[in-house]
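Here is the structure we will look at.
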Amino acid sequence: MTVTADMAISLDGYVAGTDVSVGNPGGDGAEPLFEWIHNLASWRERQGMTGGAENRDSELMREWFDATGAVVMGRMMYDTGEEFWGDNPPFRTPVFVLTHRPRPTLVKEGGTTFVFVSDGIHSALERARAAAGDRNVDIAGGASTVRQYLREGLIDELQLHVVPALLGAGLRLFEGVGAGRRSLEQVRVVGTPRATHLKYRFVR
């Protein structure tokens with residue numbers, strides 16, 4: 001079982017734009033980060049839609065879906081995504097939401113459950129590991145949540161989908177993580193017209 005983080009990121013290092021809010025989940029100017037995803041066949045399947053492009057980008061997205069057995073996310077990601085995901089969220093696994101505002105577990109269609117964890121990132125990861133079985137746990141975001149797990153050395157593999165766009169401002173993934181604290185080895189590089197997909201493994 002591997003703990004992963006899988007993020008779309010701009011060429012200048014941003015994973016969201018400015019002024020992220022419940023009504024503006026990607027932030028201002030962040031559209032290029034996600035445009036490459038929306039017409040992929042694998043993404044559309046998870047949204048209950050048909051059609052879409054069957055290409056290398058779609059294969060990589062499907063690989064992530066199939067390998068993930070549980071997800072951890074921050075409360076902001078949950079709050080900004082709740083309305084968009086609706087009653088049939090795309091995760092189809094247990095999702096553990098870090099929060100200071102506990103609430104009962106929500107059971108959604110398609111196998112997604114949202115479990116609200118108020119006793120820290122280690123507890124959330126421990127519960128996610130137990131739920132995932134022999135599949136991966138993905139630290140889904142947002143940036144602050146991924147940074148917390150990076151700082152604690154709890155992520156095994158990091159996949160970045162580098163989009164050829166410059167946002168100029170927004171949320172940086174590696175802000176405050178600490179340069180040179182951990183070594184990585186390159187696992188894979190896949191280039192497509194829409195993104196460059198980089199996978200790294202942290203060296204223990």
Hey, are the side chains of [X] and [Y] touching, using non-hydrogen atoms and a 4.5 Å cut-off?
X	Y	value
R101	F116	no
R147	E175	yes
F202	L150	yes
E59	S42	no
V146	I155	yes
L60	R188	yes
Q148	I139	no
V137	M1	yes

Check: [Y] main-chain N/O paired with [X] side-chain donor or acceptor under 3.5 Å:
X	Y	value
N55	D57	yes
D19	N24	no
D156	V3	yes
R135	T68	yes
R56	V190	no
D12	G168	yes
T2	T4	no
R46	F91	yes
S58	L40	no

Minimum heavy-atom distance [X]-[Y], with the two atoms named:
X	Y	answer
L98	A124	CD2-CB, 3.6 Å
A8	F34	CB-CE2, 4.4 Å
K108	G86	NZ-O, 3.9 Å
P32	V163	O-CG1, 3.2 Å

Using the rule that two of Ile, Leu, Val, Met, Phe, Trp, Tyr join whenever any of their side-chain heavy atoms come within less than 4.5 Å, decide whether [X] and [Y] are in one cluster.
X	Y	result
I37	L11	no
V72	V107	no
Y149	L158	yes

Electrostatic pair D66-R62, nearest N-O below 4.0 angstrom: no
Salt bridge K199-D6, side-chain N to carboxylate O under 4.0 Å: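 Looking at D6 together with K199, the answer is no, because their closest N to O distance does not fall below 4.0 Å.
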Nearest-0.5 Å distance, CZ of residue F96 to OG1 of residue T105: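 Reported value, rounded in 0.5 Å steps: 8.5 Å.
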E126, CD: over 12 other non-hydrogen atoms inside 6.0 angstrom: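 Counting other residues, nucleotides and ligands, CD of E126 stays at 12 neighbours or fewer.
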side-chain hydrogen bond (donor to acceptor under 3.5 Å, both in side chains) contacts touching residues 80-89 (sequence neighbours left out): Y78-E82
Derivation and outcome, ring-ring contact (aromatic ring centres under 6.0 Å, His included), residues W64 and H161: CA-CA 12 Å; W64 178 87; H161 308 282; 9.1 Å; no
